[in-house]
Amino acid sequence: MVPAATLPCMGATSLEHNARVAVDTGTSRYDIVIGSGLLGAPSSWDGLPRASRAVVVTNTTIAPLWAARLRAALEPHYAQVSMLELPDGEEHKDWPALNSIFDHLLGTGCDRKTVLFALGGGVVGDMTGFAAGCYMRGVPFVQVPTTLLAQVDSSVGGKTAINHTLGKNMIGLFYQPQRVICDLDTLTTLPQRELIAGLAEVIKYGPIADAAFLEWLESNLDALLARDPEVLAYAIRRSCEIKAWVVGQDEREGGLRAILNFGHTFGHAIEAGLGYGRWLHGEAVGCGMLMATALSVRLGLVQDSLLDRMRLLLGRAGLPLNGPALGPVRYLELMRHDKKAEAGEIRFVVLDAVGRASVRPAPDQDVAAVIEQYTASAA
Ligand code: NAD
Ligand code: GLY
């Protein structure tokens, strides 16, 4: 797959605290703002759609930590600001939780100019975006991501969804936010396990798109794990630049965008196979990236040395290197529900070189061999 536009090089790693990254899909254009103290900064809210109503959708964990600060920032701009707290957890990324957003919007008389604010991780962001895209055929929404994963991936690019028992993120739509506000301060309350899960999606951008970023991550991983704010800010900025570059060329995943699902075909099978919420999404993706790299080696696309690098980096990050022992047959069955599958043929994101990926089918026996190799032996 040959990308049509060239990815801008890594900026001097002058580790800026405040940065703006533009997303331009051709049909919508918005900024990702990255920095500290953004919830309290008036500039974060300038230029957003004005309305009498704002609704903050969050969850029961995040609300006590960050909702008051967001409410204080919004009150000067909106006559009425209401809050909706969803139950926390991937297992609640479902119809009842989505419907509770519609209940709140309709029950409190929100009109079609109401602006929704998604305050939370990928679960809140994906559901709020989905609700915004459907409510009265579409109302504006703003992403205020509070997990590393959401700041580098899920809040950007307009994919919204809920899960189905037969597959993850199977019901949803593309609907772009008006702005993404990544306030690094919110990461200060994030549990370390969640930070590590988010690092999986950061690491993803190196092998698929940017060899120099992979090297940078190998050098700066310890500082990231220690939450050095400047190093975190740079990792978020570079991840967003890469995601914006991909989404700008292929908003609807007609081709290139599928590379962002590196590790996800295996990872989604792990999540669905175990039941949502057992492994964190980023943990499943981390393990899935190792499996996908091993598959790339098996298919003769890349050298063993890249597999060694990925194993070392993911292991240093503290991500699981072995999937659950569901057995190859069950993995393959679950993977046939992947959205990249075509007529039942599973299509994998594989690496063609360090920093370059493509999507292709693979023989079942190679996939099964990788699964055997990278799953914990059954107890
Ligand atoms: P999450 O939304 O479940 O958040 C993780 C946990 O951290 C939750 O318990 C949450 O309440 C808590 N939390 C969030 N922010 C916090 C903070 N600042 N302090 C303390 N606790 C905090 O999980 P996630 O990893 O952010 O997102 C995973 C979801 O994102 C999955 O559903 C996945 O499918 C989706 N996703 C979507 C896209 C996309 O393009 N739309 C991309 C990647 C992942
Ligand atoms: N997280 C994959 C995508 O946004 O396409």
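Note that ligands are numbered from 1 as they come in the structure, with each ligand's atoms numbered from 1 the same way.
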**Q** Output the list of atoms in ligand 1 that are nearer than 4.0 Å to some heavy atom of Asp153, sorted by atom number.
**A** 42 (C), 43 (C)
**Q** Just heavy atoms, cut-off under 4.0 Å: does Glu201 contact ligand 2 by side chain, backbone, both, or neither?
**A** neither
**Q** Any nitrogen or oxygen of Lys159, main chain or side chain, under 3.5 Å from a nitrogen or oxygen of ligand 1?
**A** yes
**Q** Within the side chain of Ser28, is there an N or O that forms a donor-acceptor pair under 3.5 Å with the backbone of Asp24?
**A** no
**Q** Check this for me - ligand 1, Thr189, N or O atoms closer than 3.5 angstrom, yes or no?
**A** yes
**Q** With atoms numbered from 1 as shown, which atoms in ligand 1 lie under 4.0 angstrom from a non-hydrogen atom of Thr186?
**A** 17 (C), 18 (N)
**Q** Anything under 30° is parallel, anything over 60° is perpendicular, the rest tilted; go ahead and classify Trp216 against Tyr234.
**A** tilted
**Q** With no hydrogens and no angle check, just 3.5 Å: does a side-chain donor-acceptor pair link Gln178 and Gln143?
**A** no
**Q** So does Arg53 pair up with Asp111, basic N to acidic O under 4.0 Å?
**A** no
**Q** Give the contacting part of Leu65 toward ligand 1: side chain, backbone, both or neither, where contact means a heavy-atom distance below 4.0 Å.
**A** side chain
**Q** Among the clusters formed by ILVMFWY side chains lying less than 4.5 Å apart, do Leu314 and Leu260 turn up in the same one?
**A** yes
**Q** For atom 1 (N) of ligand 2, what is the nearest protein heavy atom, given as residue, atom name and distance?
**A** Asp153 OD1, 3.0 Å
**Q** If you measure every N or O of Asn261 against every N or O of ligand 2, does any of those distances drop under 3.5 Å?
**A** no
**Q** Can you tell me if Thr160 uses its side chain to pair, donor with acceptor, with the backbone of Leu173 under 3.5 Å?
**A** yes
**Q** If we only count N/O pairs under 3.5 Å, is Asp126 in contact with ligand 1?
**A** yes
**Q** What part of Ile62 sits under 4.0 Å from ligand 1 if we count only heavy atoms: the side chain, the backbone, both or neither?
**A** side chain
**Q** Does Phe102 offer a backbone N or O that forms a donor-acceptor pair with the side chain of His104 under 3.5 Å?
**A** no
**Q** Just checking, is any N or O donor in the side chain of Arg311 or Tyr374 under 3.5 Å from an acceptor N or O on the other one?
**A** yes
**Q** Enumerate the atoms of ligand 1 whose separation from the nearest heavy atom of Pro191 is less than 4.0 angstrom.
**A** 20 (C), 21 (N)
**Q** Should you measure from each heavy atom of Glu90, which atoms of ligand 1 turn up under 4.0 Å away?
**A** 29 (C), 31 (C), 32 (O)
**Q** My understanding is that we take every heavy atom of each candidate and find the minimum distance to atom 2 (O) of ligand 1. Doing that for Leu149, Asn261, Val123, which one comes out nearest?
**A** Val123
**Q** Taking heavy atoms and a distance under 4.0 Å, where does Asn59 meet ligand 1: side chain, backbone, both or neither?
**A** side chain
**Q** If we set the cut-off at 4.0 Å for heavy atoms, which region of Lys243 has an atom near ligand 1: side chain, backbone, both, or neither?
**A** side chain
**Q** What atoms of ligand 1 come within less than 4.0 Å of a heavy atom belonging to Thr61?
**A** 11 (O)
**Q** If the cut-off is 4.0 Å to any non-hydrogen atom of Lys168, which atoms of ligand 1 fall inside it?
**A** 31 (C), 32 (O), 33 (C), 34 (O)
**Q** Can a side-chain donor-acceptor contact be found between Thr58 and Trp66 if the only test is distance below 3.5 angstrom?
**A** no
**Q** Under 4.0 Å from a heavy atom of Asn169: which atoms of ligand 1 are those, numbered in the order shown and with their elements?
**A** 34 (O)
**Q** Would you mind running through ligand 2 and noting each atom that sits below 4.0 Å from a heavy atom of Lys159?
**A** 2 (C), 3 (C), 4 (O), 5 (O)
**Q** With the threshold set at under 4.0 angstrom, would you say Lys243 reaches ligand 2 through any of its heavy atoms?
**A** yes
**Q** Can you tell which of Gly122, Gly89, Pro87, Ala63 gets a heavy atom nearest to atom 29 (C) of ligand 1?
**A** Gly122
**Q** Ring centres of Phe266 and Phe348 under 6.0 Å apart?
**A** yes
**Q** Looking only at protein heavy atoms, which one is nearest to atom 38 (C) of ligand 1, and how far off is it?
**A** Ser154 CB, 3.2 Å
**Q** How far apart are the C-alpha atoms of Glu271 and His281, what are their side-chain angles, what is the distance that settles it, and do they pass the side-chain hydrogen bond (donor to acceptor under 3.5 Å, both in side chains) test?
**A** CA-CA 7 Å; Glu271 287 186 271; His281 175 71; 2.8 Å; yes
**Q** What I want to find out is whether Asp126 reaches Lys159 closely enough, with some N-O distance under 4.0 Å, to be called a salt bridge.
**A** no
**Q** State, without any angle test, whether Asp103 and Ser100 hold a side-chain donor-acceptor pair at a distance under 3.5 Å.
**A** no
**Q** Can Asn169 and Lys93 be counted as having a side-chain donor-acceptor contact under 3.5 angstrom?
**A** yes
**Q** Please could you name the atoms of ligand 1 that Asp88 approaches to less than 4.0 Å, counting only its heavy atoms?
**A** 8 (C), 9 (O), 10 (C), 11 (O)
